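Naming: A, B, ... by sequence-line order, numbering from 1 per chain. As the structure is a prediction and not an experimental result, all values here were calculated from the model.
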There are 4 protein chains.
Amino acid sequence: MPATSSQPRRPRSGSRRDEAARLAVLHAADDLLVERGFGALTIEAIARRAGVAKQTIYRWWPSKVEILLDTLIEDSEKRIPVPAEPPTLESVRGYLRGFARFLTRDPAGKVLLALIAQAQHDPDTAKSFHARYFGPRRGHERDMIARGIDAGEFAPRLGPDATMDALVGPIVHRALTGSSIPRDLVDTLVEDLLTPRSD
Amino acid sequence: MPATSSQPRRPRSGSRRDEAARLAVLHAADDLLVERGFGALTIEAIARRAGVAKQTIYRWWPSKVEILLDTLIEDSEKRIPVPAEPPTLESVRGYLRGFARFLTRDPAGKVLLALIAQAQHDPDTAKSFHARYFGPRRGHERDMIARGIDAGEFAPRLGPDATMDALVGPIVHRALTGSSIPRDLVDTLVEDLLTPRSD
Amino acid sequence: MPATSSQPRRPRSGSRRDEAARLAVLHAADDLLVERGFGALTIEAIARRAGVAKQTIYRWWPSKVEILLDTLIEDSEKRIPVPAEPPTLESVRGYLRGFARFLTRDPAGKVLLALIAQAQHDPDTAKSFHARYFGPRRGHERDMIARGIDAGEFAPRLGPDATMDALVGPIVHRALTGSSIPRDLVDTLVEDLLTPRSD
Amino acid sequence: MPATSSQPRRPRSGSRRDEAARLAVLHAADDLLVERGFGALTIEAIARRAGVAKQTIYRWWPSKVEILLDTLIEDSEKRIPVPAEPPTLESVRGYLRGFARFLTRDPAGKVLLALIAQAQHDPDTAKSFHARYFGPRRGHERDMIARGIDAGEFAPRLGPDATMDALVGPIVHRALTGSSIPRDLVDTLVEDLLTPRSD
DNA sequence: GATTAAGCGAGACGGTACGTCAGGTCTTGTG
DNA sequence: CACAAGACCTGACGTACCGTCTCGCTTAATC
């Protein structure tokens with residue numbers, strides 16, 4: 001899974017894409033975002049930091065948002081994979097804890113927050129964010145929830161999608177407002193929203 | 001309620017602040033944000049639209065974020081006041097429904113989303129957003145929850161702050177990802193999180 | 001005679017044009033052309049050398065050619081004014097000698113050569129060069145010749161315009177091909193072309 | 001007459017230079033210059049138009065100026081050969097008329113004007129222009145004049161070189177300033193400058 | 001015929017300059 | 001003294017070419 005921004009061009013002749021440059025750009029963008037913030041994340045700064053010509057960036061990425069999406073997709077697949085096996089309460093709790101840790105501690109979490117933010121400012125970002133990151137991931141999460149329900153592992157009162165929002169929303173909200181995410185928040189959400197009430 | 005960004009200056013002589021200009025700027029900012037998005041919200045554009053000199057803006061507001069904060073504070077106090085009286089389950093549900101409507105339907109809701117977003121990009125925005133909007137409002141919300149608990153109206157398993165995040169987070173999250181907010185999401189959150197479990 | 005590129009704007013309020021900046025740009029352009037050649041004469045280099053923002057240049061001049069025209073017009077009016085009084089053979093000879101010296105020795109002469117050159121490459125330059133420099137000057141030169149004929153001072157066999165080309169062309173041609181301009185070239189041209197043949 | 005920019009390399013094996021590519025480049029450069037002007041004459045545009053790789057151009061020509069020189073040399077030898085036989089007043093007049101026509105009517109004349117222009121902007125061009133075109137041609141012209149003097153055909157008051165400038169300069173000057181070249185200009189120049197005065 | 005060196009189309013790459021836009025500061029006159 | 005107007009320096013934008021480089025294919029002379 002290359003997570004490249006576009007379909008890999010296959011020219012019959014000519015130089016191939018310089019992998020070192022690609023990685024340099026990805027890392028430069030990541031580093032700049034973490035160290036200096038989104039405001040300092042300009043194409044010129046990325047090019048400077050990566051030791052790469054501006055045109056090389058424009059050749060492969062239509063905007064800095066796509067660069068961030070490339071890093072985010074690659075990182076989040078590595079760090080917070082959506083459990084593929086039939087889930088248990090425990091594994092969902094683990095997934096959400098991992099997600100909370102990702103958002104608050106992992107530099108890559110800053111990328112996700114920045115993209116959610118930028119999606120508010122720019123419709124193109126919103127579209128791309130949904131198409132390349134949020135849509136697919138939410139799909140996997142829905143599957144996870146649905147499988148858990150089928151297996152009788154839990155019984156949320158909301159549909160799979162709303163359930164995920166109810167679980168993930170508070171975590172994201174605390175991250176967005178710069179608060180830490182206490183462990184019992186995650187635990188209580190899982191318990192309150194996924195297990196059926198006896199009444 | 002002046003909601004001005006700085007303490008009202010009291011010059012000994014000379015003109016006082018031009019109220020018409022102040023309102024023109026506020027409205028221009030608001031309109032531009034709604035019509036053309038945050039990306040088009042530049043100081044120059046605001047000045048142009050408001051028929052005001054750039055310097056007049058810089059004289060009174062340190063940044064466009066403070067302009068938006070001015071409008072947000074004024075609007076949110078009007079449209080979604082935090083219930084002051086001892087709350088009931090019903091009144092909290094009403095508050096959250098109003099909040100959801102504000103975020104998805106009210107133009108002023110776009111201002112809040114934009115500010116949450118901008119706070120991710122810029123530490124100064126984050127600081128100001130907390131000091132002038134989020135901190136105070138969250139304080140009132142905490143009070144509301146605390147009063148409800150004291151009155152025995154509900155019994156959340158989380159602290160007041162985390163409870164508010166658990167309630168508001170999903171709403172904000174859906175708004176941020178461009179989804180609608182179904183009524184039963186709010187209702188179920190209130191029920192699952194505020195009423196104690198019998199088990 | 002301001003030799004400004006456009007009609008002097010007269011704003012009712014706001015800062016006036018910065019004369020120091022205007023001169024800095026003119027001199028920077030001149031110096032760069034002489035020191036490093038037309039190839040190094042970029043807007044960015046002029047701005048750098050003049051200690052002026054690029055935008056300040058674009059605000060007042062549509063192209064570097066107009067900058068050069070400004071300096072050329074100012075300089076050539078000072079250094080090689082077309083004689084206004086009824087000319088003599090002697091004064092025409094003096095004028096042409098001055099012109100030859102201007103082209104080969106005066107740094108401002110390089111500006112004229114560069115503009116003649118650039119007019120070959122770019123139709124806009126050609127148009128502007130004619131409208132602002134060559135047309136008016138040629139007009140004065142024609143008048144000079146015509147007055148000399150009227151006064152019986154000389155009797156060229158060609159019309160005033162062609163006569164001027166016959167006189168000036170060789171000088172310009174030698175300058176363009178990097179040759180020096182021997183004094184007797186000028187003298188012989190004047191004698192052969194302006195005085196009538198007895199046969 | 002190969003008119004190639006460098007001595008023909010003699011590889012031990014491998015393909016020889018592709019003549020079709022060479023001609024395609026020459027014609028593309030010529031066409032572009034005439035159709036779109038020197039400003040549009042970029043290596044990339046030539047390569048595009050010629051259907052040739054950029055590297056193929058850089059392999060054989062050090063600069064676009066050399067390409068133009070190749071076409072100019074070939075064309076001017078064909079169109080305006082310097083008379084080799086002992087000249088008459090008539091043949092010199094014919095040569096100059098041909099030259100004037102070449103400059104104003106022949107597309108190849110544009111190449112000469114462009115090169116004279118570019119020589120003002122760039123010392124390398126000047127050097128190459130003299131070495132490959134102007135020097136040799138001027139040499140032949142000088143010989144022509146000298147032979148005419150020896151034969152008693154005419155008796156200019158200037159040296160052969162200055163005489164040529166006096167004859168050619170006005171023609172070039174009018175071409176450079178975009179004027180037409182009236183026939184009597186050439187005729188009068190020849191008469192006034194080449195035949196001795198009786199006084 | 002196989003080998004091999006060059007030519008060639010294609011195009012990625014690090015650069016420089018383009019002309020434009022907005023940022024934030026300042027100056028100038030008007031009310 | 002606030003204000004409209006707007007000049008100014010700064011710096012990023014996205015684009016066009018520069019000249020260099022590698023890649024894989026084709027083409028011919030040499031082995």
Side-chain angles (χ1 to χ4, degrees), chain A residues 9 11-18 20-22 40-48 50-60 62-64, chain B residues 9 11-18 20-21 40-48 50-60 62-64, chain C residues 9 11-18 20-22 40-48 51-60 62-64, chain D residues 9-22 40-48 50-60 62-64:
Chain A
R9 309 176 195 179
R12 320 194 154 234
S13 69
S15 303
R16 300 306 185 257
R17 178 171 188 179
D18 184 340
R22 191 188 134 255
L41 191 72
T42 66
I43 298 281
E44 304 233 301
I46 295 171
R48 226 155 26 224
V52 138
K54 232 182 351 164
Q55 190 54 49
T56 297
I57 297 184
Y58 283 110
R59 179 155 36 235
W60 298 106
S63 72
K64 63 186 171 189
Chain B
R9 311 176 191 184
R12 299 161 190 252
S13 72
S15 311
R16 300 299 187 268
R17 176 170 190 180
D18 182 341
L41 191 72
T42 68
I43 296 280
E44 305 236 300
I46 296 171
R48 217 147 43 217
V52 139
K54 249 197 317 178
Q55 188 54 43
T56 298
I57 297 182
Y58 283 111
R59 184 155 32 236
W60 299 105
S63 73
K64 63 185 170 189
Chain C
R9 312 175 192 180
R12 335 209 138 218
S13 68
S15 303
R16 300 305 187 255
R17 179 172 188 177
D18 184 341
R22 190 187 135 257
L41 192 71
T42 67
I43 298 281
E44 304 233 302
I46 297 172
R48 237 170 359 239
V52 138
K54 230 182 351 165
Q55 189 55 49
T56 296
I57 298 183
Y58 283 111
R59 184 161 26 243
W60 298 107
S63 72
K64 62 186 172 188
Chain D
R9 313 175 190 181
R10 280 254 150 264
R12 322 187 161 229
S13 73
S15 309
R16 298 303 187 260
R17 179 171 189 179
D18 183 341
E19 179 66 7
R22 188 187 137 258
L41 193 71
T42 67
I43 296 282
E44 304 236 303
I46 296 171
R48 220 150 38 218
V52 139
K54 248 197 317 179
Q55 189 54 44
T56 298
I57 298 183
Y58 282 111
R59 183 158 30 235
W60 298 106
S63 74
K64 62 186 171 188

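Partners of B:Ala20 under the side-chain contact (heavy atoms from CB on, under 4.5 Å) rule, at least two apart in sequence or in another chain, are B:Asp18. Checked against side chain to side chain donor-acceptor pair (under 3.5 Å), C:Lys64 has no partners two or more places apart in sequence or in another chain. Residues forming a side chain to side chain donor-acceptor pair (under 3.5 Å) with C:Gln55 (at least two apart in sequence, or on another chain): none. With sequence neighbours excluded, the residues forming a side-chain contact (heavy atoms from CB on, under 4.5 Å) with B:Ala50 are B:Ala24, B:Val25, B:Ala28, B:Val52, listed by chain and number. Judged as a side-chain contact (heavy atoms from CB on, under 4.5 Å), and not counting sequence neighbours, the contacts of C:Ala40 are C:Arg36.
Closest approach to the C:Thr56 side chain among E:dG7, E:dG14, F:dC8 is made by F:dC8 (side chain taken as heavy atoms from C-beta onward). With distances taken from any side-chain atom of A:Asp18 to the nucleotides E:dC13, E:dG9, F:dC8, the minimum falls on E:dC13. For A:Ala53, the side-chain atoms get nearest to E:dG14 when compared with the rest of E:dG14, F:dG24, E:dC8.
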Between the protein and nucleotides 20-22 of chain E, which nitrogen or oxygen pairs are less than 3.5 angstrom apart?
from	atom 1	to	atom 2	distance (Å)
E:dC21	N4	C:Gln55	OE1	3.1

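Distance CZ/D:Arg17 to CH2/D:Trp60: 5.0 Å, rounded to 0.5 Å.
Between B:Lys64 and A:Gly51, the residue anchored nearer the 5' end of DNA chain E, judged by the nucleotide with its closest heavy atom, is A:Gly51.
Between the C1' atom of E:dA12 and the CZ atom of A:Arg59 lies a distance of 5 Å, rounded to the nearest Å.
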